[in-house]
2 protein chains.
Amino acid sequence: MHEHLRVNETATPNSTLFSAAFGKALKNKRTALNLSQEELGFRSGLDRTYISGIERGTRNPTLLIANRIAEALAIPLSVLIAEAEKPMQEGGASAV
Amino acid sequence: MHEHLRVNETATPNSTLFSAAFGKALKNKRTALNLSQEELGFRSGLDRTYISGIERGTRNPTLLIANRIAEALAIPLSVLIAEAEKPMQEGGASAV
DNA sequence: CTGTGACTAAAAGTCCGTA
DNA sequence: TTACGGACTTTTAGTCACA
């Protein structure tokens, strides 16, 4: 990319962890509501396969997209992200 | 895009509101820490002008970028976003 | 119902300036 | 110090066929 100060050289970059955690939190909320990816896609106006990618952590959505998904789940984005941050603080424990 | 049910036809789309609110929250936190955009840019490894764009609500960062900024501000992203959501709930009141 | 690779269009993100 | 623009590269948005 470009030469910046690399403070930490961890094997699993924080970025990957965050995407994975967000995906997990999303899947948790979705399944808790008994929604299929397809149904959530419909509610948020996003493609079914795109939702799938986010849940698997292979996609890095923008704030606006993340917010649309949160709205479709009827929760504030801050709450969804807070859920994603939980397992990261504890070092990878299971979510609710 | 494609034809979906338009529930609400507000003059200012939610997306714009959200970006603006996030930018405001960001600026609040940054100035509270007495950081210049340039300094925050350096700490987060992002371009000075990009930080500026986000604060003005003209840019829509990804979750990973937003998280890097939150880290540079030493707060969880969920907290920064929660700050952004506050004025939206109250209909555009001033932040702390 | 979900995972995945491939693809094009669009936007993110960088870097150079000026005011 | 910040706003803002232009030109540029990289990544995401959005979609499809197929497993």
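Residue numbers start from 1 in every chain, and the chains themselves are labelled A, B, ... in the order their sequence lines are given, proteins ahead of strands.
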Measure [atom1]/[X] against [atom2]/[N] and give the value in whole Å, please.
X	N	atom1	atom2	answer
B/Leu40	C/dG13	CG	P	14 Å
B/Asn67	C/dG13	CG	P	12 Å
B/Asn34	D/dT1	CG	C1'	13 Å
A/Leu46	D/dT15	CG	P	8 Å
A/Glu38	C/dC1	CD	P	5 Å
B/Leu63	C/dA11	CG	P	19 Å
B/Asn60	C/dA12	CG	C1'	8 Å
B/Phe22	C/dA12	CZ	P	13 Å

[options]: which one has an atom nearest the side-chain heavy atoms of [X]?
X	options	result
B/Arg30	D/dG14, D/dT2, C/dG3	D/dT2
B/Asp47	C/dC15, D/dA3, C/dG13	C/dC15
B/Tyr50	D/dT15, C/dC1, C/dT14	C/dT14
B/Thr49	D/dT15, C/dG17, C/dT4	C/dG17
B/Ile65	D/dT12, D/dT15, C/dG13	C/dG13
B/Thr62	C/dT2, C/dG13, D/dT2	C/dG13

Same cluster (ILVMFWY, side-chain, under 4.5 Å), A/Leu35 and A/Ile75: yes
Group every Ile, Leu, Val, Met, Phe, Trp and Tyr by side-chain heavy-atom contacts under 4.5 Å, then state whether A/Leu80 and A/Leu33 land in the same group. yes
So, is A/Arg56 near the phosphate of C/dT4, with a side-chain N or O under 4.0 Å from OP1 or OP2? yes
Does the side chain of A/Ser52 get closer than 4.0 angstrom to OP1 or OP2 of C/dG3 through an N or O atom? yes
Which residue, B/Lys27 or B/Leu64, contacts DNA chain D at a nucleotide closer to its 5' end, judged by nearest heavy atom? B/Lys27
Is any N or O donor-acceptor pair between the side chain of A/Arg59 and the base of D/dT15 shorter than 3.5 Å? yes
Strictly by modelled atom types, are B/Thr62 and A/Asn60 linked by a side-chain donor-acceptor pair under 3.5 Å? yes
Do the charged groups of A/Arg30 and A/Glu55 touch, with an N to O distance under 4.0 Å? yes
B/Glu38 atom CD, over 12 foreign heavy atoms within 6.0 Å: no
Which comes earlier along DNA chain C counting from the 5' end, the contact point of B/Arg48 or that of B/Pro61, where each point is its nearest nucleotide? B/Pro61
